[in-house]
Amino acid sequence: MNYEVVIGLETHVELSTESKIFCSCGGHSAAKEPNDCVCPACCGMPGMLPVMNKRVVELAVTAGLMLNCNINRYTTFDKKNYYYPDLPCAYQITQLNHPICTNGLVPVKTAAGVREIRIKQIHMEEDAGKLVHGGHSSFVDFNRTSVPLIEIVTQPDFRSAEEVITYLNKLKSMFRSGGISECEEGAMRCDINLSVRPEGSETYGVRTEIKNMSSFEAIERAIRYESQRHIDALEYETEQLVQETRRFDEVSGKTFAMRNKETEADYRYFPDANLMPIVIDDQWLEQIKANKPVALDEKAELYREAGISEKEIAVLLADGKVLKLLDDTVSLGVSPKEAAAWILTDCAGILRKDGKSFDDLVITPEKLSAIIKMVEAGTINRQAGKKVLIAVVEQDADPVAFCKENGLDRKVDSSAIDAIMDRILAENAQAVADFKNGKTKAMQALFGACMRELKGAGDPQMIKEILENKLK
Ligand code: ADP
Ligand code: ZN
Ligand code: MG
């Protein structure tokens, strides 16, 4: 028999806020040492009270708008009770009854055409801490406790691992470029709910849930393994499928039962009376909408108009980090086409040479725009600009200081070029004669000699014009 795989995803995304969700401790990635971003509130000390971070609401609403959700104007928090050493309060503050967003839709491009994945809901919640196991002891690091998360729950609308990965890449790109989340490894974690059913069947099969997956490669392997396990169970009665929570073991590539699936009752959810309901009024919603980052397809159109090639647009849209660098550089007054060329050709080339990828790129938009502007102003030529770029990408150099230290920013005016050119023409009488006899290539040699003389300084366009005039 042929079987169809049915998958629903619950995706946790850490939000890029400056502080945690209910206290003023530094948010995600602020911590350097274990437990250096903690306070009585996020450690769950008796008597502590949570204070809602407004920015979390705004980012959650923005994510909801990006995923075409309904924004619920009245939203509340609930306590989800369970005990675990990385959860100091013994309950997690999350949303059960009135989540912030519901009923979204995400178009996902697949080989078979566009599939529409329905979003059941997006809710806000706090993250738990981290257990660190070493020697004969285990340690708890509370830095991550109360870091804000959104959890995006889809309907069981995926039919293959490919669709799941395409969807996750799309979220990642949108969230990175929109400043919702950096989505680096570990900041985006999925629970995979999976069942199979005979092709054509209308009812869903027994589902299992694989918890806490963060690498896309592992997600793909887990889906392939688990669907085969389900199919074998149905086809050959190798085992009885039960609804349960499982974990994926990266070494063996297999999933293992962890526990029977908890039901809602197990968590004794109840409204969190320490937090007031949040009401999002028209004015606030309009303000969030006005600040919402431009959607990816609208961006593509803008880039097209700016003369960026389709191939470059595809690379940009697939990588939210690069997209954000481009947009931020453009916002500093560089043309989109120039910025795209410097990022996708020059930066990419340097990274490739060093065996790195865009994920390793650390250049700031300020430094990149400084280089491009120096080139555009003729302070340095493009070749010198490339040298500066290498120093910035590889050693985080300061562009202006680097130019000074290396004598790249010698402003060379036309009279200086004029003098050098006269000398070069006198020294290369043969090349000049060749040119006069119709060998246009000779001009290139003279141009190169002048460029060498100037050691990368001087505007190539100006040099070319002066040379042409003299030869005429
Ligand atoms: P619970 O409340 O038990 O967590 P939900 O209704 O919230 O259940 O669903 C959790 C996730 O499981 C959702 O992403 C949903 O799409 C998915 N899901 C539900 N039923 C199935 C099924 N039979 N097969 C695959 N995924 C499913
Ligand atoms: Zn705190
Ligand atoms: Mg659920």
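One-based numbering, in listed order, for ligands and for the atoms of each. Just the heavy atoms: all of them, side chains too, but no hydrogens, waters or symmetry mates, feed the values below.
Just one residue in the list Arg118, Lys170, Met66, Arg115 forms a side chain to side chain contact (heavy atoms under 4.5 Å, CB included) with Val106, and that residue is Lys170.
Near Leu9, with a cut-off below 4.0 Å to any heavy atom, the atoms of ligand 1 are 14 (O). Atoms of ligand 1 lying under 4.0 Å from any heavy atom of Val153, numbered from 1 in the order shown and given with element: 13 (C), 14 (O). Of all atoms in ligand 1, numbered sequentially from 1 with element shown, those under 4.0 Å from a heavy atom of Gly205 are 23 (N). For ligand 1 and Tyr204, the ligand atoms under 4.0 Å from any heavy atom of the residue are 23 (N).
Side-chain contact check for Val61 versus Leu65: some heavy-atom pair is nearer than 4.5 Å.
Between the side chain of Lys254 and the backbone N or O of Tyr225 there is no donor-acceptor pair closer than 3.5 Å. Judged by distance alone, with hydrogens and angles left aside, the side-chain atoms of Arg73 form a donor-acceptor pair with the main-chain N or O of Ile280 at under 3.5 Å. In this structure, Asp191 contributes its side chain and Asn212 its backbone to a donor-acceptor pair below 3.5 Å.
Backbone and side-chain nitrogen or oxygen atoms of Pro156 are examined, and one is located within less than 3.5 angstrom of a nitrogen or oxygen of ligand 1.
Every residue two or more places apart in sequence or in another chain was checked for a salt bridge (Lys or Arg N to Asp or Glu O under 4.0 Å) with Glu126, and none qualifies.
Summarising the contacts of atom 7 (O) of ligand 1 with Gln155, Gln121, Arg207, Lys120, the nearest heavy atom is found in Lys120.
Residues in residues 96-128 take part in these ring pair (Phe, Tyr, Trp, His ring centres under 6.0 Å) pairs, two or more places apart or across chains: Tyr74-His98. Residues in residues 343-366 take part in no ring pair (Phe, Tyr, Trp, His ring centres under 6.0 Å) pair, two or more places apart or across chains.
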Please test Lys373 against Glu376 for salt bridge (Lys or Arg N to Asp or Glu O under 4.0 Å), starting from the C-alpha separation and ending with a verdict.
-> CA-CA 5 Å; Lys373 282 179 183 172; Glu376 282 182 345; over 6 Å; no
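The backbone and the side chain of Asn193 each have at least one atom closer than 4.0 Å to an atom of ligand 1 (non-hydrogen atoms only).
For the Zn ion (ligand 2), protein N/O/S neighbours under 2.8 Å (waters excluded) are Cys23 SG, Cys25 SG, Cys39 SG, Cys42 SG.
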